[in-house]
2 protein chains.
Amino acid sequence: MDLSVYFSINCILILKIVLMEITTLKDIASKLGISVATVSKALKDYPDVNKDTKKKVLHMANKLNYTPNQLAVNLRTKQTKTIGVIIPTTVHHFFSKVIDGVIAEAEKKGYLVIILQSDEKLFLEKLHVNLLIDKRVDGILMSLSNKTNEFVHLKKIISRNIPLVLFDKVEPSIACSKVRIDDQKAAYDAVSHLIKKGYRKIAHFRGDLNPKISNDRFEGYRKALLDHQIPYDPSLVYICNNNKDFEDGYQNAQKLIKEHKDVDAIFAITDLVAVGIIKYFNELSIKIPDDIAVVGFSNWFMSSVVTPTLTTVDQPAYKIGKTATEILLEEIELLHQEQPITHKEVILPTHLILRESS
Amino acid sequence: MDLSVYFSINCILILKIVLMEITTLKDIASKLGISVATVSKALKDYPDVNKDTKKKVLHMANKLNYTPNQLAVNLRTKQTKTIGVIIPTTVHHFFSKVIDGVIAEAEKKGYLVIILQSDEKLFLEKLHVNLLIDKRVDGILMSLSNKTNEFVHLKKIISRNIPLVLFDKVEPSIACSKVRIDDQKAAYDAVSHLIKKGYRKIAHFRGDLNPKISNDRFEGYRKALLDHQIPYDPSLVYICNNNKDFEDGYQNAQKLIKEHKDVDAIFAITDLVAVGIIKYFNELSIKIPDDIAVVGFSNWFMSSVVTPTLTTVDQPAYKIGKTATEILLEEIELLHQEQPITHKEVILPTHLILRESS
DNA sequence: TTGTACGCGTTATCAG
DNA sequence: CTGATAACGCGTACAA
């Protein structure tokens, strides 16, 4: 017999003995010979309870290590002090920072966070919405998947009177609060920067056709060109839709070089795409930014350590998560107090971070 | 008045009208003129209920969009179908992949996941343990913070009879299941690889002194040297403990070059440290691997796109999360069935990924 | 100041 | 096969 297994079993036996009993109000009440109601009130600092009994209750509660059973509290108060988050994926620098912000803010206000991933699939998004509704979370935070093109599940949340805040990938037609950046303006700024630096033949590696975010960035790109009297050339726009941003960037860079030898800059929809481009150019010894400049989007950590370092748009991920959560918790609070809710749309500022690649 | 605000308020009014009532067993029962008990049984497919009534109940439940109130279910069954995860941070490639694995596996089995961050602080770790216990999660998954040097909070979990699985950063003395890699062997393999490639003066950028993980990797480094008749030189070991891995790598590389001009390889405790080293060497035009080879640890995505690409130890993050969750859910299930639990210690294999930097 | 009694929505036992 | 009834643990209006 393996020693570690033996050890483990041994431990279980010991544990059975040390097992801590969970104390309830009833336990305290019976030990003290008073009623459950009084104990409850004492613990919640009600005014109509004798100082002495309160002290006794507090002492006993402490001694028995009492903590209220949240399940029972939830059932009574109809609040779970829990919010749900649905995002495409956690394995993503942007989203993990958003989560960081969400958890930090929620925790500060005494809320717990349940995280679910849509994996960019509509049916999973729907499934998870139902899961969260059944779980009776107090509110829901969502960044929509790229494939989401119908919104009954969002309407269901709203019709159930559960506060919903959309962030990042947002649907304008849904009546709820939203937190996002101005993708069009951010893209416009990035491309304008390239133009000001003297680049003229600027390609754009864009995202899928459906998501608003990708169209907005594309529009920003186009507008920047037109506003600076550079004709818009559709053949300079490449679509990255394999959900493999890095390889999309790498492969499209390859294509681009074949099809447009004279291109002098690329605006990529995402840092990952940009890093794919950089990788390819490095392999071919195409000099960045001397031969071709590259600008990314999101300011992933990676963009600051890659060679050359990447000029990119800083997207305040942590702040997006934090703000969305603030609004959500506010709405939850208002709802609880039966006060009217006014939905907000917050647009957080972005900044272009200038680095070596442009 | 701002139009969007007006629009929002309008929407609220509409919502109030569409508000969906939540149906309970009682509703179904009264509509059908039967008892709650029968409805409950019909819905749960108990054998002792008439086919006709069952059909009627099912139909009505469907019509009214009935879903059981999980809060009540939880209170009754004393299960929340929720597990808690405490990790140092979500903003970390390794941990976000672990989370991915955890959520995927939990979801498959119908469990939800609450995530909390210790931010490498012991007091937060303790706080969160209490939060999760109060929340009555069915089980807890933890990767300990670097600062964790006492374990009463872990013992508290166990004494409450809540299944606990430790992963990645593990404490051997705690009687619970564990999922981890063999850090010492992984480090040994990495350094042996350098030696076989002909490198002789190999530095090690290690982690903080406390965490087991960092000591294990250091031991692997030392053993590999000794086993290959290379004397161990303590002055070649640099400590990275600023919690800023990238900068630690960068700065220690600077120091190393000053203090040991003839060093020919570095084994870094983490890819981030390695990338910091690479960055510094790139700036100084020190050739990797010709002048100095670099090996990292973890196989972050970044390591495959940096220039030169980084040789590193692949740590199966997703699998670690998935396996830990599997074991946890198993133990939860066993506990629920009042069957004895045997703790497991799973050691997942790592692989050295050979790239350009060595 | 304290205690009684009920409700939250389910599940489970047991009698009919 | 069906339905009272109790219980889970807590909160609170109301009676004492």
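Letters A, B, ... are given to chains in the order of the sequence lines, protein chains preceding strands, and every chain is numbered from 1. Worth saying up front: this structure is predicted, and the values here are computed from it rather than measured.
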Review point. Above 12 or not: heavy atoms from other molecules or residues under 6.0 Å from NZ of B:K31?
Key: no
Practice item. Using heavy atoms to find the nearest nucleotide of DNA chain D for B:L75 and B:K54 separately, return the residue whose nucleotide is more 5′. Key: B:K54
**Study point:** Atom-pair distance (NZ on A:K55; P on C:dT1), nearest Å
**Key:** 15 Å
Review point. Does B:T90 use its side chain to pair, donor to acceptor, with the backbone of A:S96 at less than 3.5 Å?
Key: yes
Practice item. Using atom NZ of A:K51 as one end and atom P of C:dT2 as the other, report the distance to the nearest whole Å. Key: 13 Å
Practice item. Let me know which of A:I114, A:T89, A:I115 forms a side-chain contact (heavy atoms from CB on, under 4.5 Å) with B:I103. Key: A:I115
Review point. Hey, does A:I34 reach any base, or is it just sugar-phosphate, or nothing, if we go heavy atoms under 4.0 Å?
Key: sugar-phosphate
Exercise for review: Mark up nucleotides 10-16 of chain D, 5' to 3', with B wherever a protein heavy atom is under 4.0 angstrom from a base atom, S wherever such an atom reaches only the sugar-phosphate, and - elsewhere.
Suggested key: BBB----
Check your understanding: Would you say A:E107 and B:L124 make side-chain contact, with heavy atoms under 4.5 Å?
Key -> yes
Revision key, fill the gap. Here the distance between atom C1' of C:dT10 and atom CD of B:Q79, to the nearest Å, is 14 Å
Check your understanding: Just how far, in rounded Å, is P of C:dT2 from CG of A:D52?
Key -> 9 Å
Study note, to complete from the structure: From NZ of B:K78 across to C1' of D:dA7 the rounded distance in Å is 9 Å
Point to revise | Distance in angstrom units between B:K56 NZ and D:dC1 P, rounded | key: 14 Å
Check your understanding: For the pair made of CD1 in B:I22 and P in C:dT10, what is the distance, rounded to whole Å?
Key -> 10 Å
Practice item. Decide yes or no for B:E326 and B:K322: does some side-chain heavy atom of the first lie under 4.5 Å from some side-chain heavy atom of the second? Key: yes
Check your understanding: Just by modelled atom types, is the A:K121 backbone N or O under 3.5 Å from a matching donor or acceptor in the A:D119 side chain?
Key -> no
Study note, to complete from the structure: Atom CG of B:L32 and atom P of D:dT2 are separated, to the nearest Å, by 11 Å
